[in-house]
Amino acid sequence: RDYWQKAALDGFVVAFLAGPPCETWSKARGKGVPLNKHKKLPRILRDEDHLWGLPSLALRELTQVLTGNELLTFTLLMAAIMVQTGGAGVVEHPAEPEEEMAASIWKLPAVLALLQAPGVNRHRIAQGLFGAPSAKATDLMVINLPHIVAELRCWMLRKELPHGASI
């Protein structure tokens, strides 16, 4: 972290692209869909009131949440440095779930503050238009790249969203 932070502040990093892990944020958690007769999908580890992790987690779950938090905070630090230095960047993460109490990085105060900075915008794309088997709504925090959405449209593989579903 220190190495990359210093390099960015010294002007050696002028852009970055990050997709912090979504495994502990996934809307697939807690759905109760059996993977097989003995195993179900993993339980919810975060909610709207506990965006950094529920207060009572198993050690394995806590490790997952802490690792995700560390990678996310580094991503947000680099995003803030890009804003500060006039660099460019993109942070990719699943779109905010429709369930009201669901956790999402897009509800974090630090993310909301970054989205208020000059040159920072949030855009929604559907990965299904780029070849994914389902629509898979994804949000991008875009820093100082005003034409990126138009550029991405050139790479779409489909004109209509696929009808498949995936968890």
Side-chain angles (χ1 to χ4, degrees), residues 1-2 4-5 8 16-84 87-130 132-145 148-149 161-162 164-167:
R1 287 175 76 123
D2 291 343
W4 288 107
Q5 180 181 356
F16 88 112
L17 171 66
C22 60
E23 68 180 332
T24 61
W25 300 88
S26 175
K27 68 180 186 177
R29 286 186 165 274
K31 294 294 185 196
V33 177
L35 296 174
N36 61 45
K37 64 182 179 179
H38 303 293
K39 198 172 185 182
K40 292 186 177 184
L41 287 175
R43 68 186 186 125
I44 293 170
L45 303 181
R46 306 171 187 269
D47 65 21
E48 186 176 56
D49 294 331
H50 303 94
L51 293 172
W52 294 107
L54 292 172
S56 181
L57 298 171
L59 288 177
R60 191 176 122 272
E61 295 169 332
L62 181 61
T63 300
Q64 282 182 292
V65 166
L66 291 175
T67 300
N69 289 350
E70 185 169 356
L71 293 167
L72 175 60
T73 56
F74 177 69
T75 297
L76 298 179
L77 171 66
M78 290 300 290
I81 292 171
M82 291 300 105
V83 169
Q84 176 185 348
V90 177
V91 176
E92 173 275 334
H93 216 258
E96 198 170 321
E98 294 168 10
E99 296 86 7
E100 188 175 319
M101 288 301 294
S104 173
I105 71 162
W106 306 109
K107 296 179 179 181
L108 288 167
V111 171
L112 295 172
L114 276 168
L115 289 168
Q116 299 303 309
V120 180
N121 296 292
R122 180 174 165 186
H123 299 284
R124 179 151 304 158
I125 63 167
Q127 289 189 29
L129 297 175
F130 298 90
S134 64
K136 199 170 181 189
T138 301
D139 283 356
L140 305 175
M141 177 191 307
V142 177
I143 304 163
N144 297 323
L145 294 168
I148 193 166
V149 173
L161 287 173
S166 58
I167 293 184

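Bear in mind the structure is a predicted one, so any value in this text is a computation, not a measurement. Because only heavy atoms are used, hydrogens play no part in the values below, and waters and symmetry mates are left out as well, while side chains stay in.
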Item to check | Residues Glu61, Arg43: salt bridge by 4.0 Å N-O rule | outcome: yes
Would you compute the distance between atom [atom1] of [X] and atom [atom2] of [Y] and round it to the nearest 0.5 angstrom?
X	Y	atom1	atom2	result
Leu57	Leu45	CG	CG	5.5 Å
Glu96	Trp25	CD	CH2	11.0 Å
Thr75	Glu92	OG1	CD	10.5 Å
Ile148	Leu140	CD1	CG	6.5 Å
Ser104	Glu98	OG	CD	12.0 Å
Glu99	Ile44	CD	CD1	8.5 Å

So do the side chains of [X] and [Y] get within less than 4.5 Å of each other, counting heavy atoms only?
X	Y	answer
Ile143	Phe16	yes
Val83	Val120	yes
Ile105	Leu72	yes
Met141	Val90	no

Write down the atom of [X], the atom of [Y], and the distance for their closest heavy-atom approach.
X	Y	answer
His93	Pro20	CD2-O, 3.3 Å
Arg46	Val65	NH2-O, 3.5 Å
Asp139	Ala95	OD1-CB, 3.6 Å
Asn144	Met82	ND2-O, 4.1 Å
Pro162	Ala132	CG-O, 3.6 Å
Asn69	Trp52	ND2-O, 2.9 Å

Checklist entry - Between Phe74 and Trp4, is a side chain to side chain contact (heavy atoms under 4.5 Å, CB included) present by the stated rule, with each step listed? => result CA-CA 10 Å; Phe74 177 69; Trp4 288 107; 3.7 Å; yes
Checklist entry - Using a distance-only test with no angle check, is there a side-chain donor-acceptor pair under 3.5 angstrom linking Thr138 and Gln127? => result yes
Checklist entry - Going by distance alone, is a donor N or O of one side chain under 3.5 Å from an acceptor N or O of the other, for Arg29 and Thr24? => result no
Next on the checklist: Suppose the criterion is salt bridge (charged side-chain N to carboxylate O under 4.0 Å, His left out): which pairs have a residue in residues 105-116, not counting sequence neighbours?
Outcome noted: Glu48-Lys107
Checklist entry - Should we count CD of Glu70 as having more than 12 external heavy atoms under 6.0 Å? => result no
Checklist entry - Do any N or O atoms from the side chain of Ser26 and from the backbone of Cys22 form a donor-acceptor pair under 3.5 angstrom? => result no
Checklist entry - Is there a donor-acceptor pair under 3.5 Å between the side chain of Arg1 and the backbone N or O of Leu77? => result no
Checklist entry - Step by step, would you call Leu76 with Val111 a side chain to side chain contact (heavy atoms under 4.5 Å, CB included)? => result CA-CA 7 Å; Leu76 298 179; Val111 171; 3.8 Å; yes
